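Heads up: the structure comes next, in structure tokens.
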Amino acid sequence: MSKTAQQIKNAAKLKKRIRTVIHNGLLAVISFFWLIPIFWLIASAFNTDRGVNIRQFFPTTWTLDNFYQLFFQTDSVANFPRWFLNTLTVAVFACIISSLFVLMVSYTMSRLRFNMRKPLMNVGIILGLFPGVLSMIAIYFILKSLGLTDSLLALIIVYSASSGLGYLVAKGFFDTIPKSLDEAARIDGATQWDVFWRIIIPLSRPIIVYTVLLAFLAPWVDFVFANIIMTSRDTNKFTVAIGLYNMLDRNLVNNYFSLFTAGAVVVSIPISVLFIFMQKFYVEGVTGGSVKG
Amino acid sequence: MHILQHLNRYLVKKLKQLTIQIHSLGSKMKKGFLNLFQDFRFGDIYVKLSLLFMGIGFFRRHQIIKGILFSILQIGFILFLIFTGIPNLSKYNTLGTIQFESVYNPITRRNEVNDYDHSFKILLYGLISIIVIFTYVYIHLKNIQTQRKLQLLEEKGVHINTFKEDLIELKDNRFHVTLLTFPVSGIIFFTIIPLLFMILVAFTNYDQLHMPPTKLFTWVGFRNFEILLTTGSNTVTFGYAFRKVLTWTLTWAFFATFLNYIGGIVLALLINSKYTKVPKLWRTIFVITIAVPQFVSLLLVRHFFADQGIMNTLLSADIPFLNDYSWIDFIRQMGLIKANREFVPFLTDPVWSKVMLILINCWIGFPYVMLITTGVLMNIPKDLYESAEIDGANKFQLFAKITMPYMLFVTAPYLITNFVHNLNNFNVIYLLTSTRVTSNQLLANANASDTDLLVTWLFKLTQDYYNYKMASVIGIMMFLLSAIFTLLAFNYTIKSNKEDRFQ
């Protein structure tokens, strides 16, 4: 009697073990396929050949020269340190302006009540339905008539001017802060200004971090808008994204592919780390809080 | 069918609401004007004079700084009208008539340019002028009401705010003005004006043959819409291309959304299963693939699957245990590529590239959906599964009868938003297939290619072919498309009612 019980227990254990192996094995196979491009990216960055490696997946000889060349041997096509500095400048300024804009708009829409509130929010939704590329073309002309194209200032404007439209996530966060807090402060004689700076902002560190990081990352990953604005093809004015994108131009790819992958590795690592770090907020951002975990 | 009925009923409801809103708006405006008229009639001389001079009432009520500021505003507006508004608006019906001419002047030995009309600037500055005029008129009329209020305050002997007190108000009761001024003006100048401008362009003939400054362009009414929506001739094929591109856009968005949705949920279930060890590690691995910037990962994938790329090299190797029989031979024998092909045209053949685009998109999409749905999956009540298991349901039945319906119910709004996002999924299509050319001459005549979405087509039309008029029309079509599906999404979410819930 006890023997059969033992057997049943063993069978269940075996079944569980098999299931575990199948599950993890399956995941291993899937992740293998998912990581192929990443492996290829890293492998190519250490390749001695400069063009696209089409004969073998892994390079025959490995080298660190690509990284050395990236940072210390710049030429007319590839000026990575310069691009890095450009992007950093744009990112810092765009980040400060757009974070402020986003926080200001989201706080207003969440906390303050005034006549134009609902209409303004509706206008925001309608504006979001137009393809961004469409307005971008007109923005290019407007900047051109102001004599601003081909400058970092234009990029800062492009990345931050309309950032107020992306207020929904932060608003969702502010909505969850109890209103009794600011009411108590108001009774004690605090102005709305005090409530904003002294009560809400200190309580909102997670959403501030998210907003700042998102605004900071945008210039590093955008190649569309930057490409439209930087028409002179002067590589000294490129950001990292368009610089790297440009290296894969049909005439350049055979000499610059390995350099591209090296540069891609250098920018991808910090971006990936930041992204993994803020994935929880990212989920809320994408779903606009409509899908609550 | 169900969705269509739903949409129809919803639209009818919305239209009714809209008509009511317009009616109430109309009566509100009427009331506003009536009030204004009353204020003007019963106001003292300063209120009446403020119809001519904005600042005058402020001076009377000892609000000197405000008076100066409003006077400057008025002078500025008049100057704007003289130097920008009137010159541009007077040419607005034609967008300019004087063609650019450059004549060699033998005396100065230089080419001299005539005083030509710049259609682009006329269109843009005219638009800005219209916006400025409306805003100014609103402020000016509003000012009369303000003056009347000040007069009443003065008559009652109530304290009138000094300029300093007005500023303090901006930090308190009018704090929303302080917070919104800069962000909203940013949006007005860099989103609203550009969008209005592009909408206007859709009604002009602004294209490569009509490029300012050397050429003029002018209004053409709805002709561009006609070109896009009718079949046209063999040379003007925008109608044909539009139908093709729209079909592919919708197909693409459908597969990109639903394949990813199901795949992502399965992946999430797999990772969160009780049999899986170290779920955090697995999740991170998949998140890495979306964390790498798309211009890196997708450009890489494009070279991976190029005609002379590494994937084709790998496929040209012999299948293990078969001599002289490579994977490519196998694919050719299956009839998937042409008999004389030595490679698989992953991203260059119309059919192959479409399938590959959808598959490659899974590479980004699965982890993405996995990330987003994990939280919801964890929230499905466990007793649902337990009772179903007692009834003898197997794993697949659990998935099909419990998991998917539950997920669909909860994430429907997200699904529709994601569909709209995929309609405009620029990155995947552009980065993977921007350089391809089409063998379909009818498509090529309209500067489109087989894998183009509306958004990439629009982009190419402007960047490579300077065809702004058609690009603008396509942009308006895309707006309508997105609007329909977004309305649907909003119908599901009653978010606006929930926003006060936690406060």
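Order of the sequence lines fixes the chain letters, A, B, ..., with proteins taken first and strands second; residue numbering starts at 1 for each chain. Quantities reported herein were computed from a predicted structural model and do not represent experimental measurements.
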Please state whether the side chain, the backbone, both or neither of [X] comes within less than 4.5 Å of a heavy atom of chain B.
X: A/Leu217; result: neither
X: A/Leu112; result: side chain
X: A/Ile30; result: both
X: A/Ile139; result: both
X: A/Arg17; result: neither
X: A/Ser44; result: neither
X: A/Tyr107; result: side chain
X: A/Leu120; result: side chain

For the residue pair [X] and [Y], what are the closest heavy atoms and their distance?
X: A/Ile271; Y: B/Ala291; result: CG2-O, 3.7 Å
X: B/Phe479; Y: A/Ile126; result: CE1-O, 3.7 Å
X: A/Val133; Y: B/Phe459; result: CG1-CD1, 3.4 Å
X: A/Met104; Y: B/Thr178; result: CE-O, 4.2 Å
X: A/Phe57; Y: B/Ile310; result: N-CD1, 3.4 Å
X: B/Pro183; Y: A/Val105; result: CB-CG2, 3.4 Å

- [ ] First locate atom CD1 of A/Ile276, then atom CD1 of B/Ile288, and finally report the distance between them rounded to the nearest 0.5 Å.
- [x]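 Rounded to the nearest 0.5 Å, the CD1-CD1 separation comes to 5.0 Å.
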- [ ] List in chain and number order the residues that pass side-chain contact (heavy atoms from CB on, under 4.5 Å) with A/Phe225, two or more places apart in sequence or in another chain; answer none if no residue qualifies.
- [x]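 side-chain contact (heavy atoms from CB on, under 4.5 Å) check on A/Phe225 returns A/Met136, A/Val158, A/Asp222.
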Under 4.5 Å heavy-atom distance to chain A, tell me which part of [X] shows up: side chain, backbone, both or neither.
X: B/Phe304; result: both
X: B/Ile199; result: side chain
X: B/Ser273; result: side chain

When only pairs under 4.5 Å are counted, which of [options] shares the most heavy-atom pairs with chain A?
options: B/Arg174, B/His303, B/Arg283; value: B/His303
options: B/Leu267, B/Asn418, B/Thr289; value: B/Thr289
options: B/Ile476, B/Leu454, B/Leu371, B/Asn424; value: B/Leu371
options: B/Val184, B/Ile187, B/Ile168; value: B/Ile187

TODO: Starting from the C-alpha separation in whole Å, work towards a yes-or-no answer on side chain to side chain contact (heavy atoms under 4.5 Å, CB included) for B/Ile290 and A/Phe275.
DONE: CA-CA 9 Å; B/Ile290 38 176; A/Phe275 188 86; 4.2 Å; yes
Open item on the list: Once you measure the plane-to-plane angle for A/Phe141 and B/Phe120, does it fall in the parallel (<30°), tilted (30-60°) or perpendicular (>60°) bin?
Closed with: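 A/Phe141 vs B/Phe120 ring planes: tilted.
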Task: Aromatic ring pairing B/Phe286/A/Trp34, orientation class (parallel under 30°, perpendicular over 60°, tilted between) - done: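 The arrangement is perpendicular - the two ring planes meet at more than 60°.
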TODO: May I have all residue pairs that pass side-chain hydrogen bond (donor to acceptor under 3.5 Å, both in side chains) and include part of residues 128-138 of chain A, sequence neighbours excluded?
DONE: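 Passing the test, one end in residues 128-138 of chain A: no pairs.
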TODO: Begin with the C-alpha distance, continue with both residues' side-chain angles, and end with the deciding distance and a verdict on side chain to side chain contact (heavy atoms under 4.5 Å, CB included) for B/Leu270 and A/His23.
DONE: CA-CA 7 Å; B/Leu270 207 56; A/His23 268 85; 3.4 Å; yes
- [ ] Please indicate whether A/Lys144 has more than 12 foreign heavy atoms, meaning atoms of other residues, nucleotides or ligands, lying under 6.0 Å from its NZ.
- [x]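 Atom NZ in A/Lys144 is not packed in, count stays at 12 or less.
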